[in-house]
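The structure appears right after this line, and notes come after that.
Proteins get letters first, then strands, A, B, ... in listed order; numbering begins at 1 in each.
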2 protein chains.
Amino acid sequence: MVKMIDVAKLANVSTATVSRVLRNPESVKETTREKVLRSIAELNYQPNVLARHFRRSKTNTILVIVPNIENTIFSQMVQGIEAAAAQNNFRVLLGNTNRNVDKEYDFLNLLRQRQVDGMILLSGKIDNQTLNELVEQYPVVLVSEYLEGVDITTVCIDNVTCGRIAAEHLIKLGHKRIAHISGSKGTLLSRDRLIGYLQAITHSGLKLDDRLIREGDFSFESGYKQMQELLRLENRPTAVFASSDEMAMGVIKATKDQGLKVPGELAVVGFDNIRFSSIFDPGITTVAQPAIEMGNTSMELLLQHLNDPSFQHKKIMLKSELVIRESCGWNVKGKVE
Amino acid sequence: MVKMIDVAKLANVSTATVSRVLRNPESVKETTREKVLRSIAELNYQPNVLARHFRRSKTNTILVIVPNIENTIFSQMVQGIEAAAAQNNFRVLLGNTNRNVDKEYDFLNLLRQRQVDGMILLSGKIDNQTLNELVEQYPVVLVSEYLEGVDITTVCIDNVTCGRIAAEHLIKLGHKRIAHISGSKGTLLSRDRLIGYLQAITHSGLKLDDRLIREGDFSFESGYKQMQELLRLENRPTAVFASSDEMAMGVIKATKDQGLKVPGELAVVGFDNIRFSSIFDPGITTVAQPAIEMGNTSMELLLQHLNDPSFQHKKIMLKSELVIRESCGWNVKGKVE
DNA sequence: ATGAAAGCGCTAACAA
DNA sequence: TTGTTAGCGCTTTCAT
């Protein structure tokens with residue numbers, strides 16, 4: 001293995017100069033620099049990255065903690081993160097937790113051991129105290145979810161507004177009995193979407209009916225199951241706003257399985273705009289969450305933090321919009337908001 | 001930062017002993033070991049992983065090169081890889097190439113720089129010569145795709161047989177005009193599935209019709225487009241075997257858009273068994289590729305290689321099976337091996 | 001603008 | 001079974 005000292009000898013300089021050429025070229029006289037670069041090329045020298053990491057206590061690697069990489073919405077965010085990282089010569093270490101909190105805590109050690117320079121969380125299962133400690137010591141960005149009681153850089157969308165827009169869309173179409181299937185109530189994001197839904201119903205003067213509000217867990221199966229229950233009501237809803245596209249698909253499947261038509265006998269709005277929501281039949285009208293952009297933005301904020309120790313925590317709210325497809329029928333034209 | 005020497009002093013031993021307790025506990029007398037462990041706990045000592053990586057020229061990290069992490073079939077494989085890695089105290093570095101060959105070559109440097117101990121390829125765009133050089137020097141496993149002219153450990157399924165089974169299923173249902181939409185012909189895997197299809201058609205005595213064989217690229221869009229062309233034939237097919245579930249969905253969408261029914265007026269078999277193939281309406285009959293298991297297996301082979309320098313390259317072929325859903329109608333019962 | 005040299009913290013070969 | 005010690009290859013401070 002050819003090392004720095006070999007290059008130095010060939011170029012008749014010290015290792016310090018070779019190091020400078022590599023990390024801080026302007027600080028070296030041009031003729032010297034060229035001499036060194038020629039030696040590097042001639043010997044086909046490759047710096048030992050591990051030595052460098054050790055010496056500098058930096059790895060140019062960040063950790064992404066994701067509940068489940070199989071889930072489209074998360075893999076899209078990771079895609080955005082990876083792209084931004086690669087552009088800035090950073091690597092992405094994957095921390096898949098399978099929604100297992102212990103695994104999540106395990107991964108945090110990678111930060112403490114300085115195996116990664118920073119972290120992006122696509123999941124908010126860690127307790128506030130641990131997170132606060134972490135955030136004080138290391139660059140961390142939280143994406144999609146957000147928390148109360150932790151001062152942390154966050155990238156998210158306005159879930160209250162999004163929930164309201166989704167419900168308003170159904171109201172505009174003339175629906176009076178509009179159900180909502182939320183994500184797990186344990187997440188602020190789910191509660192906010194519910195709040196948006198409640199705002200829309202209340203402001204429009206429609207009657208609120210508790211039985212039309214149900215809790216799911218974002219999965220197809222939970223959407224299917226909750227819809228089955230809704231269909232059993234003597235006065236069933238004519239429209240459903242589901243807090244994820246997967247649940248919306250479950251809703252539609254359950255409805256079709258009862259011999260009812262979507263659209264026609266039920267209007268459905270989903271959330272996320274995952275790729276399959278346009279492939280599904282009917283195409284799902286949904287609130288588009290800009291997942292790739294969210295990933296991108298979070299990585300860029302993390303880089304800012306990494307490069308600037310005095311970085312102040314920021315809350316970034318990205319735009320999202322309603323994408324109209326077939327699942328509600330076509331009584332409304334064009335985009336909303 | 002508390003370091004090994006601090007622990008050593010507190011425990012009245014040398015750093016070597018502390019190191020042994022950490023890496024090779026059996027080689028230390030029990031009483032000494034306990035003394036050291038107590039000191040570690042008392043000081044809350046965390047080993048400096050970067051120093052260890054440097055010293056040992058090993059990182060306990062592997063690289064996964066994936067064409068597109070957004071794509072379900074790949075994210076499932078990655079899921080399997082990550083799970084097996086985590087279990088063995090290995091990390092996974094994500095190398096998303098977006099099907100960009102240059103990025104793929106870039107990532108290879110992580111191996112050469114020893115930033116990762118090994119690599120799993122979910123994509124086969126690298127030229128044989130480079131790959132051969134790499135495989136000689138570093139542990140590498142190729143998953144799903146396979147190559148001629150490179151002696152490399154491979155985890156895959158029997159695509160010829162799978163292609164044959166898919167086509168045979170349609171033949172058994174009584175179809176005479178069965179089309180095939182392949183993946184990109186550049187991949188052996190696509191060619192093998194096509195071969196399987198050809199075998200089935202030929203053996204059954206059906207007439208081969210070139211116009212029924214079309215090339216896609218695994219995407220929904222390509223399935224849609226190729227199906228549009230097939231529908232324009234004066235003698236259109238009554239069944240289609242598509243080489244991916246996404247293409248199968250494109251096929252179904254295109255057919256429905258022409259006012260035809262699936263199943264009923266067209267039978268469709270897909271490939272992969274991604275999550276959405278059961279959610280899609282109609283549920284897609286498909287050749288199940290055990291993506292998570294493939295990921296798992298590949299990681300385990302990589303670990304074997306990492307732990308055993310004399311490891312001999314292996315070719316592992318995993319079982320896959322036809323999953324019957326609604327997209328072909330219900331004339332055949334149960335599973336077909 | 002450049003060089004000399006002191007480590008970074010750990011591991012492992014060798015010695016005892 | 002345990003200790004001594006020489007580095008691993010690079011970066012960076014300090015001196016020139």
**Prompt:** To the nearest angstrom, how far is Lys9(A) atom NZ from dG9(D) atom P?
**Reply:** 13 Å
**Prompt:** Does Lys315(A) NZ have over 12 foreign heavy atoms under 6.0 Å away?
**Reply:** yes
**Request:** In whole angstrom, give the distance that lies between atom CD of Glu26(A) and atom C1' of dT2(C).
**Result:** 16 Å
**Asked** When all nucleic acid strands are considered with a 4.0 Å heavy-atom cut-off, which category describes Val13(A): base, sugar-phosphate, or nothing?
**Response** sugar-phosphate
**Request:** Calculate the interatomic distance between Gln113(A) atom CD and dG9(C) atom P; express it in whole Å.
**Result:** 15 Å
**Asked** Nearest heavy-atom pair of Ile126(B) and Leu131(B): which atoms, and what distance?
**Response** CG2-N, 4.0 Å
**Prompt:** Please give, in whole Å, the distance from dC8(C) C1' to Arg114(A) CZ?
**Reply:** 14 Å
**Request:** For dT2(C), take OP1 and OP2 only and decide whether either is under 4.0 Å from a side-chain N or O of Ser27(A).
**Result:** no
**Prompt:** How do Glu30(A) and Thr15(A) order along DNA chain C: which one's closest nucleotide is nearer the 5' end?
**Reply:** Glu30(A)
**Request:** Check whether any side-chain N or O of Thr17(B) sits under 4.0 Å from OP1 or OP2 of dG3(D), and answer yes or no.
**Result:** yes
**Asked** Reckon Ser57(B) has a side-chain N or O less than 4.0 Å from the OP1 or OP2 of dC8(D)?
**Response** no
**Message:** Any N or O donor-acceptor pair under 3.5 Å from the base of dG9(C) to the side chain of Arg55(A)?
**Reply:** no
**Prompt:** Of the candidate nucleotides dT2(D), dC10(D), dG3(C), which contains the atom at the shortest distance from the side chain of Ala16(A)?
**Reply:** dG3(C)
**Message:** Does a side-chain N or O of Tyr45(B) approach OP1 or OP2 of dG9(C) to a distance below 4.0 Å, or not?
**Reply:** no
**Side chain to side chain, Met77(B) and Ser144(B), heavy atoms closer than 4.5 Å** = yes
**Message:** Heavy atoms from C-beta onward define the side chain here; which of dC10(D), dC10(C), dT1(D) lies closest to that of Lys3(A)?
**Reply:** dC10(D)
**Asked** For dA12(C), does OP1 or OP2 lie under 4.0 Å from any side-chain N or O of Arg56(B)?
**Response** yes
**Message:** Check the phosphate of dA1(C) against Lys29(A), side-chain N and O only, distance under 4.0 Å to OP1 or OP2. Yes or no?
**Reply:** no
**Message:** What contact category does Asn24(A) fall into here, base, sugar-phosphate, or nothing, at under 4.0 angstrom with non-hydrogen atoms?
**Reply:** nothing
**Prompt:** Where do Arg112(A) and Gln137(A) land on the side-chain contact (heavy atoms from CB on, under 4.5 Å) test, with the steps shown first?
**Reply:** CA-CA 9 Å; Arg112(A) 302 199 180 96; Gln137(A) 298 181 63; over 6 Å; no
**Residue mapping more 5' on DNA chain D - nearest nucleotide basis, Ala51(B) or Leu22(A)** = Ala51(B)
**Prompt:** Which of these nucleotides, dT11(D), dG9(D), dC10(C), is closest to any side-chain atom of Asn48(A)?
**Reply:** dG9(D)
**Request:** Give Val18(B) one of three labels, base, sugar-phosphate or nothing, depending on what nucleic acid heavy atoms sit under 4.0 Å from its own.
**Result:** nothing
**Asked** Under 4.0 Å between a side-chain N or O of Arg20(B) and OP1 or OP2 of dT1(D)?
**Response** no
**Interatomic distance where CZ belongs to Arg52(B) and P belongs to dC8(C) [whole Å]** = 18 Å
**Asked** Reckon Ser19(A) touches a base, only the sugar-phosphate, or nothing at all at heavy-atom distances under 4.0 Å?
**Response** base
**Complete:** Picking from dG9(D), dT2(C), dA5(C), the nucleotide nearest the side-chain atoms of Phe54(B) would be dG9(D)
